[in-house]
Amino acid sequence: MKNYHKELWFEVPTRRAFINITSQVEKCLEESGIKEGLLLCNAMHITASVFINDDESGLHHDYDVWLEKLAPHAPVSQYRHNGFEDNADAHMKRQIMGREVVVAVTEGKLHFGTWEQIFYGEFDGRRRKRVLVKIIGE
Ligand code: ZN
């Protein structure tokens, strides 16, 4: 069995953002030479997510509004986690949007469902952060 891994780095200039990372993940799959197997992609930080959904700007706006209703950033004093930090909301947003995705690899391609794309979700940006891509198979 072959295995491959790579870390992708992101530095988002805003506190929150959704970035389509599908082409970067596909490049990893190409580099791996793996044709049949499984690909794991996970955020390496507890205030960022990796998730799969549609690349549609209205939906991404809706996610942002929904997440702000669930865990508003301000007032930061409403969270016990804040004090040393101000990112309690980012931990909660990450929890809802998830840590990782697993995608089947079939005939050298990501075996997506209809409209599926992979996104990096940033909830406490303005610093360098990593995503791990791990692929196993033949
Ligand atoms: Zn924190």
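Contact of the Glu36 side chain with the Glu107 side chain is registered, since non-hydrogen atoms from C-beta on lie closer than 4.5 Å. For the pair Thr106 and Lys109, the minimum side-chain heavy-atom distance is 4.5 Å or more. Side-chain atoms of Ile136 and Ile34, non-hydrogen and from C-beta on, never get closer than 4.5 Å to each other. Side-chain contact between His60 and Asp55 is present, with heavy atoms from C-beta onward closer than 4.5 Å. Side-chain contact between Ile118 and Leu110 is present, with at least one heavy-atom pair separated by less than 4.5 Å.
Between Leu38 and Ala104, the shortest heavy-atom distance links the atoms CD2-CA, 4.1 Å. Of all non-hydrogen atoms in Lys6 and Cys28, the two that sit nearest each other are CD-SG, 3.9 Å. Summarising the geometry of Val25 relative to Cys41, their closest heavy-atom pair is CG2-SG, 4.2 Å, with the distance given to 0.1 Å. Across Met92 and Ala71, no two heavy atoms sit closer than the pair CB-CB, 3.9 Å. Taking all atoms of both residues into account, the shortest heavy-atom contact from Phe18 to Gly121 is CD2-CA, 3.8 Å. The minimum heavy-atom distance between Phe51 and Met97, with the atom names listed, is CB-O, 3.5 Å.
A distance-only check finds no donor-acceptor pair linking the side chain of Asn3 to the backbone of Gly137 [under 3.5 Å].
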Evaluate the criterion side-chain contact (heavy atoms from CB on, under 4.5 Å) for residue pair Leu132 and Glu100; output intermediate values, then yes/no.
CA-CA 9 Å; Leu132 175 68; Glu100 78 277 307; over 6 Å; no

Using side-chain contact (heavy atoms from CB on, under 4.5 Å), reason through Arg130 and His45 one step at a time and then give a plain yes or no.
CA-CA 7 Å; Arg130 290 173 294 154; His45 299 264; 4.1 Å; yes

Could you go step by step and tell me if Tyr79 and His91 meet the ring-ring contact (aromatic ring centres under 6.0 Å, His included) rule?
CA-CA 11 Å; Tyr79 300 105; His91 290 272; 9.9 Å; no

Would Asp86 and His73 count as a side-chain contact (heavy atoms from CB on, under 4.5 Å) if you check the C-alpha gap in whole Å, the side-chain angles of each, and the deciding distance to 0.1 Å?
CA-CA 8 Å; Asp86 68 351; His73 175 69; 4.1 Å; yes

Set out, in order, the CA-CA distance, both residues' side-chain angles and the distance that settles side chain to side chain donor-acceptor pair (under 3.5 Å) for Asn20 and Gln117, then state yes or no.
CA-CA 7 Å; Asn20 188 334; Gln117 297 278 290; 3.0 Å; yes

The test is side-chain contact (heavy atoms from CB on, under 4.5 Å); show your working for Val105 and Ser32 and say whether it passes.
CA-CA 11 Å; Val105 174; Ser32 76; over 6 Å; no

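For the pairing with Thr47, the side-chain hydrogen bond (donor to acceptor under 3.5 Å, both in side chains) check across Glu122, Lys129, Glu85, Arg94 returns one residue only, Lys129. With Val103 as the fixed residue, the side-chain contact (heavy atoms from CB on, under 4.5 Å) test singles out one of Ile135, Ile52, Leu40: Ile52.
In summary, Glu68 and Lys93 engage in a salt bridge, as defined by a charged side-chain N under 4.0 Å from a carboxylate O. Ion pairing between Arg15 and Asp89 fails under the 4.0 Å rule for side-chain N and carboxylate O.
Interatomic distance, Ile46 CD1 to Phe123 CZ, rounded to the nearest 0.5 Å: 13.5 Å.
Around CH2 of Trp9, the count of heavy atoms belonging to other residues, nucleotides or ligands within 6.0 Å exceeds 12. Heavy-atom contacts from other residues, nucleotides or ligands closer than 6.0 Å to NE2 of His81 number more than 12. Summarising the local packing, CD of Gln95 is surrounded by 12 or fewer heavy atoms from other residues, nucleotides or ligands at distances under 6.0 Å.
Cluster annotation: Ile19 is connected to Leu39 through the hydrophobic network of ILVMFWY side chains, with a link wherever side-chain heavy atoms come within less than 4.5 Å. Leu8 and Met44 fall into different hydrophobic clusters, where Ile, Leu, Val, Met, Phe, Trp and Tyr side chains are chained together by heavy-atom contacts under 4.5 Å. In the hydrophobic cluster analysis, where Ile, Leu, Val, Met, Phe, Trp and Tyr join through side-chain heavy atoms closer than 4.5 angstrom, Phe112 is grouped apart from Val102. Two different hydrophobic clusters hold Ile21 and Leu59 under the rule that ILVMFWY side chains link at heavy-atom gaps under 4.5 Å. Hydrophobic clustering places Val133 together with Leu29 (ILVMFWY residues linked when any side-chain heavy atoms are closer than 4.5 Å, directly or through intermediates).
A ring-centre distance under 6.0 Å is not found for Tyr63 and Phe119.
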